[in-house]
Structure formats: C-alpha cells, structure tokens
Amino acid sequence: MKLIYRHLGAIKIVALLAFMVFVCLPLVQMTLLAFVATLPHEELEVGQATLQNFSGILTDPNLRAAFGNSIAYVLINICITIPVALPAAYAFSRMSFVGDKSLFLAFIAFRITPPVVLTLPVFQLFSALGIVNSVFGIALAHCLFNLPISIWILQGFISAIPREMDETAFIDGYSRPRFIWSILIPQIRAGIAVAAFFCFMFSWVEVVFARILTTTNGKPISMAINALFGFQTDIGLVMAVTLASMAPGAVLLFAMRNHLSRGFRIGQV
Amino acid sequence: MKTKDNSGWIFVLPAMAVLGLIGLIPLVTVVNYSFFEIFILSSRFWVGLEWYGELVGSARFWQSFARSSLFSMIILLIQIPLGIALALCIPRGRIWIGLSLVVVALPLLVPWNMIPTLWLSLLNPETGLLGRLGVVLGWPLDWKDSAVHTWVVIVMMDVWHWTSLVVILCYSALTTIPAAYYQAAAIDGATPWDVFRFIQLPRLQNVLLMAVLLRFMDSFMIYTEAFPINAGGPAEATLFLAVDLGEEIKAFNYGPSAARSVLYFLIIVTVAWLFTKAQGKLEEKAAP
C-alpha cells in the first residue's frame, strides 16, 4: 500500500495517458482512412494518400445540405431550450413551491426515457403538426432530453450565486422577470454557454429521432453518412465526413474547456 | 433557505408545456395503442392485455431482457469505477485540466451510427490498427463467430463511447470540494484512500446517481451502436431489448410495438425509482 501511495502521482498520469491512447485509437484509425483513397478513382489507386475525400464533401450537394441542416436544427434547438429552461432553473433554484421535487424528478424521467419508445407517436404527432422532414421537427423532438439536462445545469449555476443579490435587487425595485433579464443572465453567462454546449453535443450526434423524422428532406449529417453506405461503400469518404462532422464540436469543446467541468456542480434541487 | 413561493409554477410552465407536447402526449398515445389491434390507424379494435400477455409469455423477450440486464450491469461495473478513477487522475494546472477533458470528451462528438463503423474498421484484420495487432497476438479472425468475443467488442465500444461522460460529471463534483478540506486531511495525516473515502466520495454522491441513471438507461436500451457490430449474433447472443422494438416499429406493428414500449418504459422507470430510493437510504445513513 505504501509503495502505491509513494508513486500515486506517476500512476495517475500513466492511467490517464493510457485511457487517452484508448480514446484516440478509433479516431486515429478514422483520420488515417479519411486521407486515403479507398475506392479506385481517376488517376488514384486504392491506398494512395489524397485529399479527395474532403473535396468530395464540398462537391456533393447532399452532404453540403446535411451540414447546413445539422447546424440549423441544433441552433433552433438551443434557441428553444435555453429560454424555456432558464426560468424553470431559476424557480427550482430559488423558490420552494408545492410539488417542486416531484416535478424535477418528472423532468429527469423524460431525460431517461429511451427515444425508441416514443418514436412512433412522436412521428404521428409531428406529421399532424406538419413538421416532419424539417429541421424544426428534429429541433423540437430533441428538447425531450436537452431540456431536462439544461434545467439541471442552469439551476446548478444559479444556486452558486448568493441569494443576497436577488434580495438587494428586489429592494431596489426590480421585478423578478426584470431581475432575471438584466442581472441574473449576465452573471450566469458561463452556465448558459455550458448548457448550450451540452444541447449541441447531445443533439448533434443523436440518430433515433433524426432517422424517423427525416425520411425525404432535412437529413442531418448522421443520416447523410448512412446514405453513403451501399453496394460499394467509399469508406474513406465516410470517415472524412465523420471527421468533418466532429470539427465544430471539437472547436466548441476546446473553447469551453475551462467551464465544462462546472456544469454539474450541484446535483439535486 | 428558499422562499416559499408558489408562483414558481409560472416559471416552470413553459418547460412543462414543451415536455408535455413532446413527452407526455406521445407517452399517453403509446399506452393507448398498446391495448388495440391496429391495421390502419382509422380501424382498430380492442384487444385488452393480449399484446402484453404475448410478450411476457415469450421466451425471446425474457432472453433479451436477461442479456440487456447483464450488459447494463457489466457497463455500470466498468464505467462508474473507471470514470471516478479517471476523474481523480486529472492533474492540477489549468492547461492540463482543459487538455485532459477535451481529449477524454472526444468520443461524445462522434455521430452514434458511426461508432460501430469506426470500431469495425479498427478491428479489420487487414487495414485496422487493432485488427493487425490482433492478428499478431492471436485474436481470431472469425471473432464474429464467438459470442464472448462479440460481447467484448461491444462492451469495449461502449466503454470508449460513454466513460467520458462519467469522468466529466465526477470531475465537476470534485471541483466543488473546498481546499480547506484537503488541508485539514493533510494535518490529520490522512492517507489518499481516507481522503477519497471520507472527503471525495461523499461529494460525488449526487452526481453519481445521475451518472448511474444515464448510463443504466442508455446501455439497457442500446440500439444504434450494438446491432451493426454483429447483427445481434452469433445465434442472437447479442440481441438486446431495443432491437426487437426497433424491428416492430419499422414494420409498423402499432399494437405490439406500443405494448413493448410501455413495458420497457415501466422497467426503466422502476429501476430509476429504485436507484433514487437507494440513494435516499444512503443519505439517511450518512447523516442520521
């Protein structure tokens, strides 16, 4: 035991590095394949290094549209989720009202409901509303899991702000909505960014709702990749699209790195 | 103390409206469908609990139920301790924290339907990095014929994909521990294990409950990732619960798929409820 404790620092670093290598393995594989021609093209042999896979993304109108769709529905989703989640998070953090704990649990229950279970009626409901095959439909469906998570994250950030600030503001004559708008929101900017990032992350990669809600139109990246599989799959192109689809997330991840871990500070209401 | 204020309901109203529309209404619809035989939606007739009876009476259901339970158990047993351990391993220093978190979180950015493709190409004996290494080390080329090997691949894939979420959750809880606690522990001459057991672990409790719930649900209902690895085979050895549901929905069997959905939903909610209960008991013990 003593021996372990003495070298604890080194063991920790080795363990973390080992896991990072494990994490990077499939990604390295993907990157390698993305820069190689995997199907014979003009003047290119299989296995030759090339950038053609990436230029392929730019020239394929379906793929270009898919990137546009993905960005659109994630942005719409964030624009719905954050304004709806913010007042709810404020209420859970600051007020005690009848049934608050049960309501919070009910919200979390929606997060843990498997999307497969709800696919059929969601599809019917959305066709009745006329928002199937549009980015708006996916954006709305993804609120099912993004909204509870956002409420959870935001109420953690709001709880970290001292109550005295609310009280001073009320004495100064602020109403609650005005206080939230002009004092609270500037204070929890980081929290809003973290919540938006998690919305992006869970929404960008989701496939179950994305699949059933886009049969003809409005396909996101994940579905556009699916469409690339066929009798002769250009796996290099598939990997290049996947790599490109991770780029925006990786940039956001890097920008958020110092706030990321603060999102889930306080676990419960 | 929070102020007692029932106007809180007004603030949660928008959230309830959205979740009611996309969560509650579909859920009620599913429950409704599960009692009917439906050919087309305009003509249906009442069959009562027939679909449920058929499901509960079928061996196939119980076998996939057992498989999914086993899978979830393995996943939780690996990912939760591993996630905690890795969160503890993240070094201090702003740059390193950022870097570690970014690298660890990368798998979360891969579209879910691409994850099996990535792993299959990684394991490809001719072109894959692990596959070629496997050939040297004696990992069989026909691993798809072996149930154990297929399980190993799926578990490894899931660990790769989701451990990062547990790490991020745990790490965020660890950052809330005031430095004074560690100083006090150092003065008392506490060993690293004591620090973990009496300072760090109690702080992790709430976040761990969330991590366990999320990981349990997602692994129990694993669908997009597991199926393409070996199409549920060999001999249905990796046929998990959600696969049958997916097939029935694709075939538009409204009634049976609805009954199945309701049953799965009930299982998930029951287990989630049990977890929260257990958590409550733990807290009572910790603070009598």
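The sequence lines fix the lettering, A, B, ..., with proteins before strands; numbering per chain opens at 1. Only heavy atoms go into these numbers, but all of them, side chains included; no hydrogens, no water, no symmetry mates.
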So which residue, B:L174, B:V269, B:D218, B:T117, ends up with the most heavy-atom pairs under 4.5 Å with chain A? B:T117

Measuring heavy-atom distances to chain B, does A:L8 have an atom under 4.5 Å in its side chain, in its backbone, in both, or in neither? side chain

State whether the side chain of B:N113 and the backbone N or O of A:V207 hold a donor-acceptor pair below 3.5 Å, judged by distance alone. no

About how many Å separate CD1 of B:I10 and CZ of A:F97, when rounded to the nearest 0.5 Å? 11.0 Å

When you compare the side chain of A:F92 with that of B:V12, does any pair of heavy atoms fall below 4.5 Å? yes

Value for OG (A:S93) from CZ (B:F11), rounded to nearest 0.5 Å, stands at 11.5 Å

Which one wins on heavy-atom pair count under 4.5 Å against chain A: B:L208, B:L108, B:I115? B:L108

Between A:G9, A:S96, A:A250, which shows the greatest number of heavy-atom pairs under 4.5 Å with chain B? A:S96

Which atoms of A:L86 come close to chain B, meaning under 4.5 Å heavy atom to heavy atom: side chain ones, backbone ones, both, or neither? neither

A:L17 portion near chain B, given a 4.5 angstrom heavy-atom threshold: neither

What verdict does the side chain to side chain contact (heavy atoms under 4.5 Å, CB included) test give for B:L130 and A:L25, after you've listed the backbone C-alpha separation in whole Å, the side-chain angles of each residue and the deciding distance to 0.1 Å? CA-CA 8 Å; B:L130 269 188; A:L25 258 182; 4.1 Å; yes

If you tally heavy-atom pairs under 4.5 Å between each of B:A87, B:S100, B:P91 and chain A, the highest tally belongs to B:S100

Chain B contact via A:L32 - which portion, at a heavy-atom distance below 4.5 Å: side chain

Contact check, side chains of B:L118 and A:M239, non-hydrogen atoms, under 4.5 Å: yes

Is B:M157 in contact with chain A via its backbone, its side chain, both, or neither, using a 4.5 Å heavy-atom distance? neither

Between A:Q29 and B:W119, is there a side-chain heavy-atom distance shorter than 4.5 Å? no

Which portion of B:W193 sits near chain A, non-hydrogen atoms under 4.5 angstrom: both

Value rounded to 0.5 Å, distance of OG in B:S261 from CG in A:L120: 7.5 Å

Flag the pair B:S164 / A:V23 as yes when at least one side-chain heavy-atom distance between them is below 4.5 Å, and no otherwise. no

Are A:L103 and B:W9 close enough that some pair of their side-chain heavy atoms sits under 4.5 Å apart? yes

Residue B:L13 versus chain A: region with a heavy atom under 4.5 Å: neither

Side chain proximity check, B:Y33 to A:Q124, heavy atoms < 4.5 angstrom: yes

Between A:R111 and chain B, which part of the residue has a heavy atom less than 4.5 Å away: side chain, backbone, both or neither? both

Might you work through the side chain to side chain contact (heavy atoms under 4.5 Å, CB included) test for A:F19 and B:L82, ending with a clear yes or no? CA-CA 10 Å; A:F19 186 74; B:L82 187 64; 4.1 Å; yes

Is B:W112 in contact with chain A via its backbone, its side chain, both, or neither, using a 4.5 Å heavy-atom distance? both

Residue part contacting chain B, namely of A:V14, when any heavy atom lies under 4.5 Å: neither

Between A:I13 and chain B, with a heavy-atom cut-off of 4.5 Å, which part of the residue counts as in contact: side chain, backbone, both or neither? neither

Gap separating the CG atom of A:L118 from the OG1 atom of B:T29, nearest 0.5 angstrom: 9.0 Å

Would you indicate whether the side-chain heavy atoms of A:L125 and B:L21 approach each other to under 4.5 Å? yes

Got a sec, which residues hit side chain to side chain donor-acceptor pair (under 3.5 Å) with A:R176, two or more places apart in sequence or on another chain? A:Y90, B:D5

Closest-packed option against chain A by number of heavy-atom pairs under 4.5 Å, given B:S257, B:C170, B:A85, B:S121: B:S121

Is B:V110 close to A:T242 at the side-chain level, that is, under 4.5 Å between some pair of heavy atoms? yes

Approximate separation, where rounding is to 0.5 Å, of B:Y264 OH and A:T113 OG1: 15.5 Å

Could you check which of B:T191, B:V104, B:I25 has the highest count of heavy-atom pairs closer than 4.5 Å to chain A? B:T191

Let me see the working for B:S7 and A:M95 under side chain to side chain contact (heavy atoms under 4.5 Å, CB included), right down to the final yes or no. CA-CA 8 Å; B:S7 67; A:M95 304 171 191; 4.3 Å; yes

Honestly, the part of A:F126 sitting under 4.5 Å from a heavy atom of chain B is side chain

Could you tell me the separation between the CG atom of B:L109 and the OG atom of A:S245, rounded to the nearest 0.5 Å? 8.5 Å

Below 4.5 Å from any heavy atom of chain B, which atoms of A:A85 appear? Answer side chain, backbone, both or neither. neither

